[in-house]
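Written below as C-alpha cells is the structure these notes are about.
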Protein chains: 2
Amino acid sequence: MSDENQELRRAGLKVTLPRLKILQILESSPVRHMSAEDVYRALMEAGEEVGIATVYRVLTQFESAGLVVRHNFDSGPALYEIDDGEHHDHMVCVETREVIEFHSEEIERIQQRIADEHGYEITGHSLVLHVKPKKDSKTKN
Amino acid sequence: MSDENQELRRAGLKVTLPRLKILQILESSPVRHMSAEDVYRALMEAGEEVGIATVYRVLTQFESAGLVVRHNFDSGPALYEIDDGEHHDHMVCVETREVIEFHSEEIERIQQRIADEHGYEITGHSLVLHVKPKKDSKTKN
DNA sequence: CTAATTGCAAAAGCTTTGCAGCGCA
DNA sequence: TGCGCTGCAAAGCTTTTGCAATTAG
C-alpha cells in the first residue's frame, strides 16, 4: 500500500486518492492492457468517484513519469500498461482481441543495425503482430 | 489516365471523378504518406470539388480493395499510402516527422517463427521505429 | 432506369482543456 | 496556507453516418 505511495513520490507526483487508485487498478488488473475507459469503469465498479478527465490526465502523467507505457495498437482508444522495465512487443489476436507479449533480442539488434545504416538512432519502436490461432495439427501453446 | 480507370474497375469500384482524382493524387504526390486531410487539401488546391466525407469513404474503400495501406503511426490522423505490393516497414523521424521506408527479410522470418511458436499465424504486422538523426561523425545515408 | 455514389451537416468516439473549488504537503 | 489537483462541462480533432440529390453503367 505505501508501496504505490513510494512509486508516486519517486515519480514526483503528489500522492492523491485518484492517482493511488488508478495505479492500484493498473497493477492488480488481470487484463494488462487497459484503455482510459477501462480504468474508469474499474474505478466506478470499485465505488470510487473519479472523473474520466482525471483518468486521462493521470494516465498521461504516468506515461511521462515512465510508470506506464501507452500503445496505439490500431484505431480506437489507446491502451496503457504498467511499465515494469521489461521491454517487449505485442501480438494482437484479430479474433479475440487478446494481447500476447513477446521479446526478441534478435529483432532488436537488427532494428539497431538498420537505423544505424540509415544514419539514425532509435528513440523507441513499436512492433505489433496481428495474428490468428493456427488451425494446425500440432499446436504448441 | 485510363490506367487509373483500370485500377478502379479491377477493384470492383465504379469509376467516378472523386475516386479518379484521389487515386491520381495518391500516385503522384511526392509525399508518399498522406492523411485524409492531406488528400482533401490537395484536391482543393487542384480546384476539385470533393467533400471530405467522400475522401474518407473513398480511402476506406481503397483500403478494402488493397489499393492503399492505412497506417496508425501514433495518435493523430491515419496515413494512407499506395500499395505497390512491396511490403515494407517504417521509420518515423521524431524531429522532422519524415517517414523512411525499409524492409528486412530477416525480421520477417523471426516474426513468423515467434508467432508460430505461440500457436498463431500472422495476418499482418506493423513495425515502426521512432528515430532521430545521428550526430555521428561518419553518417552514411 | 436503378443502384451506387456523393455532399452536406450532424453526430459519434476519443481526448484535451478552462475554470472554480478542493486537498495534499 | 499555497499550489497542485480534481470534477465538470465544453470544446477539439478525427472519423463516420443519415439522407436527399446526383451519376455511372
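Just so we're on the same page: letters track the sequence lines, and every chain starts at 1.
Within a 6.0 Å sphere centred on CD of A:E86, other residues, nucleotides and ligands contribute 12 heavy atoms or fewer.
The OH-C1' distance, from A:Y40 to C:dT15, rounds to 15 Å in whole Å. Atom-to-atom, CZ of B:F73 to P of D:dT14 comes out at 16 Å; the value is rounded to the nearest Å. B:K21 has its NZ atom 13 Å from the P atom of C:dG7, to the nearest Å. We find that CD1 of A:I52 is positioned 11 Å from P of D:dC8, with the value rounded to whole Å. When rounded to the nearest whole Å, the span between CG of B:L59 and C1' of C:dT6 equals 15 Å. Atom CZ in A:R19 sits roughly 11 Å away from atom P in D:dG4 (whole-Å rounding). Computed from coordinates, the B:L13 CG to C:dA3 P distance equals 19 Å when rounded to whole Å. Remark: P of D:dA24 and CG of B:L17 are 8 Å apart, rounded to the nearest angstrom.
No donor-acceptor contact under 3.5 Å links the side chain of B:R9 to the base of D:dG25. One N or O donor and one acceptor, one from the side chain of A:R57 and one from the base of D:dG7, sit under 3.5 Å apart.
Nucleic acid contact for B:E49: sugar-phosphate only, since backbone atoms but no base atoms lie under 4.0 Å from a heavy atom of the residue.
Defined by atom type and a distance below 3.5 Å, a donor-acceptor pair is missing between the side-chain atoms of B:E101 and B:H103.
Considering only side-chain N and O atoms, B:T54 lies under 4.0 angstrom from the phosphate OP1 or OP2 of C:dG7. Using a 4.0 Å cut-off, no side-chain N or O of B:T16 falls inside it from OP1 or OP2 of C:dA4. Within the 4.0 Å cut-off from OP1 or OP2 of D:dT15, at least one side-chain nitrogen or oxygen of B:Y56 is found.
Side-chain atoms of A:T60 come within 3.5 Å of backbone N or O of A:Y56 as a donor-acceptor pair. With hydrogens and angles ignored, the 3.5 Å screen pairs no side-chain donor or acceptor of A:R9 with any backbone N or O of A:V15.
By the 4.0 Å N-to-carboxylate-O rule, B:E45 lies too far from B:R41 to be salt-bridged with it.
Nearer the 5' end of DNA chain D, as judged by each residue's closest nucleotide, is the contact made by A:Q61, out of B:K14 and A:Q61.
Distances were taken from every side-chain heavy atom of B:A53 (C-beta onward) to each of D:dT15, C:dT6, C:dC8; the shortest belongs to C:dC8.
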